[in-house]
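Notes for the one structure printed next.
Note on naming: letters A, B, ... go to the chains in the order of the sequence lines (proteins, then strands), and numbering restarts at 1 for each one.
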Number of protein chains: 2
Amino acid sequence: MSGKCEQCLVRKFNSLRALTKEELIRVSNCKTTKHVKKGEVLFDEGEHINGVYCIRSGVGKVSKMSDNGRDQIVNLIKHGDLIGERSLVNNEVSNLKAVAVNDMEVCFIPKEEVLRDLEKNPNFTMSVLKNMAISLKNADNVIVDMAQKTVKQRLAATLLFLEDQFAKNEDGEVMETNFSREDIANIIGTATESAIRLLSEFKKKKYIELKGKKINVIDRKSLKELAEGF
Amino acid sequence: MSGKCEQCLVRKFNSLRALTKEELIRVSNCKTTKHVKKGEVLFDEGEHINGVYCIRSGVGKVSKMSDNGRDQIVNLIKHGDLIGERSLVNNEVSNLKAVAVNDMEVCFIPKEEVLRDLEKNPNFTMSVLKNMAISLKNADNVIVDMAQKTVKQRLAATLLFLEDQFAKNEDGEVMETNFSREDIANIIGTATESAIRLLSEFKKKKYIELKGKKINVIDRKSLKELAEGF
DNA sequence: CTAAAAAGCTGACAAATATCATATTTTAAA
DNA sequence: TTTAAAATATGATATTTGTCAGCTTTTTAG
């Protein structure tokens with residue numbers, strides 16, 4: 001155990017903020033905290049998760065293996081995110097795999113406690129419902145982009161997204177995320193070589209700077225126009 | 001008004017089955033029934049839906065316009081489906097457009113009634129939540145397919161899906177759905193010509209029969225293998 | 001019923017993307 | 001530190017997919 005949920009700021013970002021003080025104390029008492037090193041698996045496809053994870057720090061990738069044997073990343077997670085509610089709600093094994101991209105600190109809240117709160121606290125349930133509705137809307141947008149945009153457009157959009165969401169950590173400091181070229185390819189759904197090639201092209205056109213794994217966007221406007229199809 | 005919800009079998013297929021008898025009577029009294037002719041718009045992007053639609057009969061396509069001006073179909077709806085909960089839960093205008101593929105009969109339940117039931121009946125809320133979790137899982141699968149499968153594989157998968165889900169109506173009779181070649185292209189995310197070309201190829205290979213709009217799958221096995229990447 | 005419009009179809013070609021091969025650089029392990 | 005393995009990079013080429021053009025068939029409106 002590491003710290004109390006009542007004092008943890010991370011919960012402010014997710015549905016746990018809808019819990020009452022008493023519920024939060026109960027959660028705090030039954031939760032476990034876990035360190036997941038870069039590259040380690042938080043949970044895998046087909047696993048019974050039996051609870052939800054609340055991300056305290058670090059970055060993770062959530063993916064699903066496709067028939068052709070390539071992992072497709074369907075979500076990225078960072079501090080404040082809650083993951084596992086879906087499998088929990090439907091009482092199913094996980095259909096996704098979560099791997100740490102950077103070292104992560106996560107709290108695990110057992111299923112029973114979450115289900116109890118869902119039953120007893122309508123505010124909590126509505127909050128989970130709202131979050132799921134937002135996720136579903138985002139998923140629809142991703143489907144449209146995957147279906148209709150070129151790889152180049154998707155890469156441009158993804159670079160902007162990563163800059164917005166993962167360039168700084170919870171304290172606003174510059175964060176060194178460890179997304180590999182393969183990760184980026186698996187986000188946009190293309191071959192690793194294609195992703196690398198396009199990154200080189202963007203670099204040549206001075207849209208971005210490449211410093212090892214760190215990608216700095218230097219021409220937001222051009223990337224944005226590209227992503228939206230100019 | 002056309003019939004009472006209490007006696008409508010369609011509700012058995014969706015979250016409305018979680019309502020109590022009293023709630024159902026209230027719903028029945030405030031709902032309105034609407035006929036939507038083939039090609040007509042049920043609701044459009046940016047519109048305040050202000051309620052949910054329960055589909056009694058017919059088939060509809062749910063799509064989103066992409067930046068490049070092409071509609072991407074993200075969902076197909078038929079009898080028993082409920083649509084509009086997402087925008088309702090998040091109190092947002094619709095991000096999607098729904099158009100009738102065949103003549104439809106739909107019931108509209110006003111927002112206030114649905115919100116009231118969500119607040120008062122935890123079983124209903126949990127049911128909506130479960131359905132949304134299922135939709136989210138499906139959306140993830142679509143993302144993976146869009147990103148990782150070829151157009152040919154996606155067409156094969158879509159033909160099987162349409163055969164399973166839309167070949168027969170609510171009474172088990174053969175249903176003549178009116179999906180155009182363009183609709184099919186907009187489901188799999190490709191150019192209409194490409195979809196047509198591949199359909200011709202599948203016909204030549206005796207995977208399917210083409211009789212006007214009606215597409216009959218005659219070699220499920222081959223299509224399945226193709227879709228899964230043999 | 002008939003004309004016009006829309007949908008369906010096919011070919012030719014161009015553009016986008018994947019694959020394979022190989023070299024270079026970076027990272028991790030001994 | 002040294003060495004092996006992994007990640008990154010780039011070229012050559014094959015495959016897939018999109019676009020444009022023209023034609024035929026089907027549907028719709030008058």
Side-chain angles (χ1 to χ4, degrees), chain A residues 37-40 61 66-72 99 101-103 145-156 158 176-205 208-215 226-227 229, chain B residues 37-40 61 66-72 99 101-103 145-156 158 176-205 208-215 226-227 229:
Chain A
K37 289 232 176 75
K38 174 186 159 188
E40 283 180 359
K61 54 184 175 183
S66 80
D67 290 330
N68 70 16
R70 195 144 55 196
D71 246 355
Q72 175 64 34
V99 174
V101 171
N102 289 0
D103 292 356
D145 285 352
M146 284 289 175
Q148 302 285 354
K149 285 193 197 293
T150 63
V151 172
K152 193 183 286 191
Q153 290 180 305
R154 279 181 269 151
L155 177 60
T158 298
E176 286 288 326
T177 51
N178 282 307
F179 295 114
S180 66
R181 301 292 190 260
E182 191 181 2
D183 287 337
I184 292 174
N186 290 348
I187 294 170
I188 66 183
T190 189
T192 306
E193 296 96 319
S194 298
I196 291 174
R197 226 181 286 278
L198 290 170
L199 282 172
S200 299
E201 186 187 322
F202 286 0
K203 180 187 170 187
K204 205 170 285 170
K205 288 185 177 163
I208 57 173
E209 258 177 355
L210 299 178
K211 294 186 177 172
K213 286 222 188 312
K214 180 74 183 160
I215 300 173
L226 212 177
Chain B
K37 289 235 176 73
K38 174 186 159 188
E40 282 180 0
K61 55 183 174 184
S66 79
D67 291 329
N68 70 17
R70 195 144 54 196
D71 246 354
Q72 175 63 35
V99 174
V101 171
N102 288 1
D103 292 356
D145 286 352
M146 284 290 176
Q148 302 285 354
K149 285 191 197 295
T150 64
V151 172
K152 194 183 285 190
Q153 289 180 305
R154 279 182 269 152
L155 178 60
T158 298
E176 287 287 328
T177 51
N178 281 307
F179 294 114
S180 66
R181 301 295 190 255
E182 190 182 3
D183 286 337
I184 292 175
N186 290 348
I187 294 171
I188 65 183
T190 190
T192 307
E193 296 96 321
S194 298
I196 290 174
R197 224 180 286 279
L198 289 170
L199 283 171
S200 299
E201 187 188 322
F202 286 179
K203 180 186 170 187
K204 205 169 287 171
K205 288 185 178 164
I208 58 174
E209 260 177 356
L210 300 178
K211 294 184 177 173
K213 286 222 189 313
K214 180 73 183 160
I215 300 173
L226 211 178

Report task. Pull out every residue in residues 179-192 of chain B that has a heavy atom closer than 4.0 Å to any atom of DNA chain D, ordered by number, or say none. Result -> T190(B), A191(B)
Query raised in the report: Nearest heavy-atom pair of K149(B) and A227(B): which atoms, and what distance?
Result: NZ-O, 2.8 Å
Query - side-chain hydrogen bond (donor to acceptor under 3.5 Å, both in side chains) pairs, two or more places apart, involving residues 184-197 of chain B - result: none
Report task. Report the residue (L210(A) or L198(B)) whose heavy-atom-nearest nucleotide on DNA chain D is the more 5′ of the two. Result -> L210(A)
Query raised in the report: Which residues pass the side chain to side chain donor-acceptor pair (under 3.5 Å) test with E182(A), sequence neighbours left out?
Result: none
Query raised in the report: Residues two or more places apart in sequence or in another chain: which of them pass side chain to side chain donor-acceptor pair (under 3.5 Å) with R154(A)?
Result: none
Query - Inter-axis angle, terminal five-pair segments of the helix from dC1(C)-dG30(D) to dA30(C)-dT1(D) [nearest 10°] - result: 60°
Report task. Heavy atoms only: give me the nearest Q72(A)-A147(B) pair and the separation to one decimal. Result -> OE1-CB, 3.2 Å
Requested in this report: Measure the shortest side-chain to side-chain distance between N102(A) and K38(A) over non-hydrogen atoms and say whether it is less than 4.5 angstrom.
Outcome: no
Requested in this report: Find the distance between NZ (K213(A)) and CD1 (I215(A)) and round it off to the nearest 0.5 Å.
Outcome: 9.5 Å
Report task. Could you pull out all residues at least two apart from K204(B) that satisfy side-chain contact (heavy atoms from CB on, under 4.5 Å)? Result -> none
Query - Range on DNA chain C touched by chain B - first to last nucleotide, heavy-atom distance under 4.0 Å - result: dA7(C) to dA12(C)
Requested in this report: Under the side-chain contact (heavy atoms from CB on, under 4.5 Å) rule, collect the residues that match up with T158(B), sequence neighbours excluded.
Outcome: L162(B), I187(B), I188(B)
Would you tabulate the pairs of protein nitrogen or oxygen atoms and nucleotide nitrogen or oxygen atoms of nucleotides 10-14 of chain D closer than 3.5 angstrom?
unit_1: dT10(D); atom_1: OP2; unit_2: S200(A); atom_2: OG; d: 2.6
unit_1: dG11(D); atom_1: N7; unit_2: R197(A); atom_2: NH1; d: 3.0
unit_1: dG11(D); atom_1: O6; unit_2: R197(A); atom_2: NH2; d: 3.0
unit_1: dA12(D); atom_1: N6; unit_2: R197(A); atom_2: NH2; d: 3.4

**Report entry** Test side-chain contact (heavy atoms from CB on, under 4.5 Å) applied to V101(A) - qualifying residues, sequence neighbours left out
**Finding:** V59(A), K61(A), N178(A), F179(A)
Query raised in the report: So what does K38(A) touch, heavy atoms closer than 4.0 Å: a base, only the sugar-phosphate, or nothing?
Result: sugar-phosphate
**Report entry** Which residues share a side chain to side chain donor-acceptor pair (under 3.5 Å) with K205(B), sequence neighbours left out
**Finding:** E201(B)
Requested in this report: For K213(A), report the nucleic acid contact type (base, sugar-phosphate, nothing); a contact means any heavy atom under 4.0 Å.
Outcome: sugar-phosphate
Query raised in the report: T177(B): what forms a side chain to side chain donor-acceptor pair (under 3.5 Å) with it, not counting sequence neighbours?
Result: none
Report task. Have a look at K203(B) and say if it touches a base, only the backbone sugar-phosphate, or nothing, with a 4.0 Å heavy-atom cut-off. Result -> nothing
Report task. Give, for atom CD1 of I208(A) and atom NZ of K214(A), the distance between the pair rounded to the nearest 0.5 Å. Result -> 12.0 Å
